[in-house]
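Okay, structure first, notes after.
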Amino acid sequence: MLKKSAFPLLLLNMFLANLSMGLVIPIIPELLEQFRANGQAAGYLVSCFGLTQFLFSPLAGNLSDRYGRKPMIIIGLILFAISNLLAAFAGDLTLLFVSRLIGGVGSAALIPSIIAYIADITADEQRSKAMSWLGASMTSGFIIGPGVGGLLAEWGIKMPFYVSACVGLLAMICSLWGLPESLSADIRRMRRQVKEKSENVFRQIVLSVRSRYFVLLLIVFAMTFGLTHFEAIFPLFVVQVYGFTTRQIAILLTVCSLIGTLNQLLFTDQITRRFGEKRIIVAMLLLSAVSLVFLLFSGHFYYVMVVTMLFFTFNNILRPTINTLLSRVAGDEQGFVAGMNNAYTSLGTIFGPMLAGILFEVHFNLPYLFGGFVLLVSSIFTGSRLRSIRSVQRG
């Protein structure tokens, strides 16, 4: 009963958590024009979200281990709604940055708790499929967001934020009422009684470097770096270089996200069973790098759509595959590993958009050339390193 009642709500919450980031993408050019900002500001808007996500993710992971997954999920949804309301009322770039910082804290509370929750309620043989569905909700929320944002912007540039805040509050109420706690009271009480030295995020990063799953966390960083590198600057790139409109951006990203998500759900579980997580991770990193560079070859709308669809598909397959392998390697450290997963995701969200914005000001093509280079190097590096990764069976 716990699995049946919790899983759909967890998918919805993950979808909403990533929806808010996607909503703003098609209106970035108009927002920047309204606030008289440049391409670097677009990168910084995404990066500041990742900054607070990075700082608070390890703390949120530990708190979810000690006090339960549900309280952190509720807190994350509340902050999610507050962030969007502030963005809706923002009259200048400063308040918009503040809203993104708060959104990062909400994401830090929400995402690792959901990942750890699913690890709590699924057996090892079911986890690959469960993580595939979770990855689909995560990436589709982030990528479908632009389509929804573009349509809602027809009623005003701030309308996407108002709608997102209302949906976030509704999800919080549903979770408060219908989401059971996955950790028993005895386990939470035992973990709170254990006196552990509180480590800050930087100390925990150092600890993760020495862990058996560090290579997987590096892949999380590289994957997120490539994805946010692509998406942070994408609207400015296709508007200024290829002459796309806001409506075209919304249509393109919506169609690509739907096809990419469908491909993930159809193929992820099958190909990982046949080839194994390690081979799939290396292959998806390589194919992501190739598709990122191919985006520069033509500005034809349907060509861009096909290349973008392939890039999203490879990323959609990559994320749940990494999450599955991480959860198997983590053993009894699910909360900590989920927090570190989100922390390394945040690092990718910080540096990917930041560098994309800076490089875009130098030359339009540089963000995608550099992003492809990072993904290519990651594929080569992880090819041999992943062989030493071994799963841990939990009792």
Could you report the tightest heavy-atom contact between [X] and [Y], atom names first, then the distance?
X: T308; Y: V304; value: OG1-O, 2.7 Å
X: T268; Y: P320; value: CG2-CG, 4.3 Å
X: S113; Y: I73; value: CB-CG1, 3.8 Å
X: M172; Y: I74; value: O-CD1, 3.8 Å
X: I118; Y: A130; value: CG2-CB, 3.9 Å
X: A289; Y: L375; value: CB-CB, 3.6 Å

Can you tell me if [X] uses its side chain to pair, donor with acceptor, with the backbone of [Y] under 3.5 Å?
X: K70; Y: P180; answer: no
X: S379; Y: L376; answer: no
X: S291; Y: S288; answer: yes
X: K158; Y: A90; answer: yes
X: S83; Y: L79; answer: no
X: S164; Y: A81; answer: no
X: S107; Y: G103; answer: no
X: D269; Y: T272; answer: no

How many angstroms lie between atom [atom1] of [X] and atom [atom2] of [Y], to the nearest 0.5 angstrom?
X: I173; Y: L176; atom1: CD1; atom2: CG; answer: 8.5 Å
X: Q264; Y: F312; atom1: CD; atom2: CZ; answer: 13.0 Å
X: N84; Y: Y162; atom1: CG; atom2: OH; answer: 11.5 Å
X: F214; Y: L218; atom1: CZ; atom2: CG; answer: 3.5 Å
X: I219; Y: I281; atom1: CD1; atom2: CD1; answer: 5.0 Å
X: Y213; Y: M340; atom1: OH; atom2: CE; answer: 8.5 Å

Is [Y] reachable from [X] through a run of I, L, V, M, F, W or Y residues, each pair having side-chain heavy atoms under 4.5 Å apart?
X: L110; Y: L101; value: no
X: F297; Y: F244; value: yes
X: L11; Y: L170; value: no
X: L216; Y: F275; value: yes
X: V209; Y: I322; value: yes

So, [X] versus [Y]: side-chain donor-acceptor pair below 3.5 Å or not?
X: Y344; Y: S208; result: yes
X: N323; Y: N341; result: yes
X: R69; Y: S64; result: yes

Between [Y] and [X], is there a side-chain heavy-atom distance shorter than 4.5 Å?
X: M14; Y: L10; answer: no
X: T349; Y: T345; answer: yes
X: C256; Y: L252; answer: yes
X: L45; Y: F49; answer: no
X: I205; Y: F54; answer: yes
X: I233; Y: L236; answer: yes
X: M284; Y: N315; answer: no
X: L217; Y: L326; answer: yes

Within a 6.0 Å radius of atom [atom1] on [X], are there more than 12 heavy atoms belonging to other residues, nucleotides or ligands?
X: Y302; atom1: OH; result: no
X: F351; atom1: CZ; result: no
X: F373; atom1: CZ; result: no

Kindly determine whether N263 and I317 satisfy side chain to side chain contact (heavy atoms under 4.5 Å, CB included), including the steps that lead there.
-> CA-CA 8 Å; N263 288 339; I317 293 174; 5.6 Å; no
Would you please classify the geometry between the F230 ring and the F311 ring as parallel, tilted or perpendicular, with 30° and 60° separating the classes?
->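 F311 and F230: tilted rings.
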Parallel, tilted or perpendicular: which fits the ring planes of H229 and F370, with parallel below 30° and perpendicular above 60°?
-> tilted
Got a list of side-chain donor-acceptor pairs under 3.5 Å for residues 353-365, not counting sequence neighbours?
from : atom 1 : to   : atom 2 : distance (Å)
E361 : OE2    : G39  : N      : 3.0
H363 : ND1    : N365 : N      : 3.1

Hey, do the aromatic rings of F237 and F234 have their centres closer than 6.0 Å?
-> no
Side chain to side chain contact (heavy atoms under 4.5 Å, CB included) between L9 and S175, worked out = CA-CA 7 Å; L9 194 52; S175 298; 3.9 Å; yes
Is there a side chain to side chain contact (heavy atoms under 4.5 Å, CB included) between Y117 and L179 once you walk through the steps?
-> CA-CA 11 Å; Y117 195 121; L179 187 67; 3.8 Å; yes
With side chain to side chain contact (heavy atoms under 4.5 Å, CB included) as the test, would you mind laying out the steps for L85 and F161 before giving the verdict?
-> CA-CA 6 Å; L85 283 175; F161 297 119; over 6 Å; no
